[in-house]
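What follows is a single structure, written as structure tokens, with notes after it.
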2 protein chains.
Amino acid sequence: MKNLLAYIHSLTNFSAESWEILSPALTTITFEKDQYLLEAGKVCDALFFVSGGYCRAFYDKDGQEINTDFFFENDIATNINSFAKAEKSEFSIQACEDVTVVRFDKKKLREAAEHDPEIDGLGRKCLQQIAAKQEKHAAMYKLMTAQERYEYLEKYAPEVLQRVSLTQIASYLGVARETLSRIRSRRL
Amino acid sequence: MKNLLAYIHSLTNFSAESWEILSPALTTITFEKDQYLLEAGKVCDALFFVSGGYCRAFYDKDGQEINTDFFFENDIATNINSFAKAEKSEFSIQACEDVTVVRFDKKKLREAAEHDPEIDGLGRKCLQQIAAKQEKHAAMYKLMTAQERYEYLEKYAPEVLQRVSLTQIASYLGVARETLSRIRSRRL
DNA sequence: ATTGTTTTGTGACGATTGTCACAGGTTAAA
DNA sequence: TTTAACCTGTGACAATCGTCACAAAACAAT
């Protein structure tokens, strides 16, 4: 909860009263490794602030799992489209370790936002953050080769390389496991 | 302006009074072919609702231009990160034909949003739309081969294939011009 | 019509990557 | 400690794609 408060304050001004109003929308939950925070085909009705452990977002493409995102401590994990439009999610979010999250219930969050403009502003900031993250990631794909993407991770997201297995990273970078293995050995 | 109203109503409830309050933030502008709506390195201080013609967003990577988006009639063209965070834009937006847009001035828009929750809600909806578009496009890159991406455009964005030159589309799809030419000839 | 400019198609070739197969390592549970 | 399951590294080979070069086609302007 302390991390969550720090995260919120890093985004926007947030009073003690706002926190009181927001609190009922929050629950701390733990997921065991391999459990799903969100399953493809279901509607996303919550945001998850990750306070311990990490998870991954992945699409199932013809039986093959393709990672599109990792969420570590102090990240917000969700499907923002599914959340905002109440459409079925096209991807799943799964715990890669035992994970602790603070869950923001959609309905209660909306009620809280209606009563408090600070909470409304926070919601908007979160949306922006998520949009920004998506744009960065999309640009990484469009502008870089596999090797450059790997170097980008080394530079800007080293925790991914430290904590995530090669196989999972390869899927995230869009290359075969073997190719990533060779990229690594080339760079020693 | 009529198209803009229809667009707004498709997103959210919007009263005549809100429109009155919003109007001072709007200007209709035309850009000639090749003119810039936004230049890389500058801060984006406006949204552009495209009412005629189309434009492209592109990154400059070591002198090579890489297209990342096209904006047609009834699209909102902007750099949402640069707009929201007042950071320098990493890409440019350029008119590909003579283009007519309705410009939303950032400062005036914010003032209008402070006076009217409907305008505030509209802003949020726009943000969501843009985030959704980005996510779709990112997924296209991560999940599909070049050929599948081309077929995706055929299915979901045929106006791109009709109106944009092969060279520009190739850059957008992330393949060499020649490769796209071969994808096309394979599919006849 | 003619010229010049831009765009598109195509062949050849080399580089990169994916696929398949298998070996070596690591980890976790019994 | 042993086993089993999983992850990683590596070689061989085929398929794909990018690059270079140039021809054909489309388009614009005079």
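Just so we're on the same page: letters track the sequence lines, and every chain starts at 1.
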Just how far, in rounded Å, is [atom2] of [N] from [atom1] of [X]?
{"X": "A/Met144", "N": "C/dT16", "atom1": "CE", "atom2": "C1'", "answer": "19 Å"}
{"X": "A/Ile183", "N": "C/dA15", "atom1": "CD1", "atom2": "C1'", "answer": "14 Å"}
{"X": "A/Leu180", "N": "C/dT17", "atom1": "CG", "atom2": "C1'", "answer": "13 Å"}
{"X": "A/Glu178", "N": "C/dA21", "atom1": "CD", "atom2": "C1'", "answer": "10 Å"}
{"X": "A/Tyr150", "N": "C/dT17", "atom1": "OH", "atom2": "C1'", "answer": "18 Å"}
{"X": "A/Gln168", "N": "D/dC7", "atom1": "CD", "atom2": "C1'", "answer": "11 Å"}
{"X": "B/Gln147", "N": "D/dG18", "atom1": "CD", "atom2": "P", "answer": "13 Å"}
{"X": "A/Arg177", "N": "C/dT19", "atom1": "CZ", "atom2": "P", "answer": "11 Å"}

Legend entry - Greater than 12 external heavy atoms within 6.0 Å of B/Lys85's NZ: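 Counting other residues, nucleotides and ligands, NZ of B/Lys85 exceeds 12 neighbours.
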
Inset, instruction - Mark yes when over 12 heavy atoms from residues, nucleotides or ligands other than B/Lys88 sit less than 6.0 Å from its NZ; otherwise mark no. - result: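 No, the 6.0 Å shell around NZ holds no more than 12 heavy atoms from other groups.
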
Inset, instruction - Specify the residue among B/Arg182 and B/Ser165 whose closest nucleotide of DNA chain C lies further upstream toward the 5′ end. - result: B/Ser165

Legend entry - A/Thr167 side chain near D/dC6 phosphate (N/O to OP1/OP2, under 4.0 Å): no

Inset, instruction - Determine: side-chain N/O of A/Arg186 to OP1/OP2 of C/dT16, distance under 4.0 Å, yes or no. - result: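 Looking at the OP1 and OP2 atoms of C/dT16, neither is under 4.0 Å from any side-chain N or O of A/Arg186.
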
Inset, instruction - Mark yes or no for whether A/Asp98, through its side chain, and A/Lys33, through its backbone, hold a donor-acceptor pair below 3.5 Å. - result: yes

Legend entry - Aromatic contact, A/Phe49 with A/Tyr7 (centres under 6.0 Å): yes

Inset, instruction - Taking only the side-chain heavy atoms of B/Ser181 (C-beta and beyond), determine which of C/dT10, D/dT10, D/dG18 contains the nearest atom. - result: C/dT10

